[in-house]
Amino acid sequence: ISYNERETVQKQKSLILENQFSEIDKIYERSRELIRENNFAEAFRLLTIAYDKNPDHPKIAKLYGLVAFKSKDYVKSVQVIKEYLLKDPL
C-alpha cells in the first residue's frame, strides 16, 4: 500500500468513527429528553443500541446504568456501572 492509499484509508476510518460518535451523541441527547419526560422504556431502548455500538462511551455507559436501574433491570445496571467505574474510577 502506498502512502497516499494508507492516508485515504485513515481518513475513511476517521470519518466512520466521527459519524458513529455523532450518532451516539444524538442518542444520548434524545435519551436525556426522554428521561425528563419520564419515558424510561424508550430511553432504555435507545441507550441499549448506543451501548451495544460503543460500550466505551462514558456518557452513554453512565446514563445507561442509571436508566437500567430506573427500569428495574438491576442486573444490567450493576453490570454497566461496574464496567464504567473500572474504566473511569471516581
Side-chain angles (χ1 to χ4, degrees):
I1 294 178
S2 73
Y3 176 78
N4 287 337
E5 290 172 328
R6 210 173 305 140
E7 191 174 284
T8 301
V9 169
Q10 284 294 73
K11 285 180 183 178
Q12 289 172 342
K13 286 181 181 179
S14 292
L15 285 173
I16 290 168
L17 283 174
E18 188 176 304
N19 287 337
Q20 184 182 24
F21 279 114
S22 64
E23 177 187 347
I24 289 175
D25 289 334
K26 287 177 188 175
I27 290 173
Y28 174 80
E29 291 302 324
R30 179 64 184 135
S31 296
R32 289 189 60 190
E33 290 172 14
L34 291 165
I35 291 166
R36 283 191 288 275
E37 297 167 3
N38 289 320
N39 189 347
F40 291 102
E42 183 62 13
F44 185 77
R45 188 186 72 76
L46 288 177
L47 288 165
T48 300
I49 293 167
Y51 187 80
D52 288 346
K53 285 184 179 183
N54 189 348
D56 295 326
H57 193 291
K59 288 191 211 177
I60 291 293
K62 186 176 178 182
L63 192 60
Y64 185 42
L66 172 68
V67 171
F69 183 82
K70 290 280 196 176
S71 301
K72 299 184 182 194
D73 189 340
Y74 302 119
V75 172
K76 178 58 78 178
S77 178
V78 168
Q79 174 191 356
V80 171
I81 293 298
K82 180 180 174 184
E83 286 296 317
Y84 168 75
L85 289 173
L86 288 172
K87 292 174 189 169
D88 188 18
L90 301 174

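Along the sequence shown, the residues carry numbers beginning at 1. Because only heavy atoms are used, hydrogens play no part in the values below, and waters and symmetry mates are left out as well, while side chains stay in. Bear in mind the structure is a predicted one, so any value in this text is a computation, not a measurement.
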Notebook entry, point to check: Does a salt bridge link Arg36 with Glu33, judged by any charged N lying under 4.0 Å from a carboxylate O?
Noted result: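 Salt bridge between Arg36 and Glu33, a charged N being under 4.0 Å from a carboxylate O: no.
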Check: Is any side-chain N of the basic residue among Lys26 and Glu23 closer than 4.0 Å to the acidic one's carboxylate O?
Finding: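 No, this pair does not count.
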Check: Taking everything shown except Tyr28 itself, do over 12 heavy atoms lie less than 6.0 Å from its OH?
Finding: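 Yes, because the 6.0 Å sphere around OH of Tyr28 holds more than 12 heavy atoms from other groups.
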Where do [X] and [Y] come nearest, in terms of heavy atoms and distance?
| X | Y | result |
| --- | --- | --- |
| Ala43 | Ile35 | CB-CG1, 3.9 Å |
| Ala61 | Pro55 | CB-O, 4.2 Å |
| Ser31 | Leu46 | OG-CB, 3.8 Å |
| Phe44 | Asp73 | CZ-OD2, 3.7 Å |

Notebook entry, point to check: Transitively linked via ILVMFWY side-chain contacts under 4.5 Å: Phe40 with Leu66?
Noted result: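 In one cluster with Phe40: Leu66, yes.
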Next item on the list: Could you give me the CA-CA distance, side-chain angles and deciding distance for Ile49 and Lys53, then say whether side-chain contact (heavy atoms from CB on, under 4.5 Å) is met?
Entry: CA-CA 6 Å; Ile49 293 167; Lys53 285 184 179 183; 4.2 Å; yes
Next item on the list: Measure from the ring center of Tyr64 to the ring center of Tyr84 and say whether it is less than 6.0 Å.
Entry: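 Ring centroids of Tyr64 and Tyr84 are no less than 6.0 Å from each other.
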Item checked: For Lys87, all residues meeting side-chain contact (heavy atoms from CB on, under 4.5 Å), sequence neighbours excluded ->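 With sequence neighbours excluded, Lys87 shows a side-chain contact (heavy atoms from CB on, under 4.5 Å) to Asp56, Glu83, given in chain and number order.
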Checklist line | Which residues share a side-chain contact (heavy atoms from CB on, under 4.5 Å) with Ala50, sequence neighbours left out | finding: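 Here the qualifying residues are Ile24, Ile27, Ile60.
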Item checked: Straight-line distance of Lys59 NZ to Arg32 CZ, nearest 0.5 Å ->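 Reported value, rounded in 0.5 Å steps: 8.0 Å.
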Notebook entry, point to check: Once you round to the nearest 0.5 Å, how far does CD of Glu42 lie from CG of Leu47?
Noted result: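 Separation between the atoms: 10.0 Å.
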Notebook entry, point to check: Under a 4.5 Å cut-off applied to non-hydrogen side-chain atoms, are Asp25 and Glu29 in contact?
Noted result: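 The answer is no, as the side chains (C-beta and beyond) never meet within the 4.5 Å cut-off.
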Next item on the list: For Ser77 and Ala68, indicate whether the former's side chain and the latter's backbone hold a donor-acceptor pair under 3.5 Å.
Entry: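 No, the answer is negative, given that no donor and acceptor are paired below the 3.5 Å cut-off.
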Next item on the list: Could you walk me through whether Thr48 and Arg45 pass side-chain contact (heavy atoms from CB on, under 4.5 Å), step by step?
Entry: CA-CA 5 Å; Thr48 300; Arg45 188 186 72 76; 5.8 Å; no
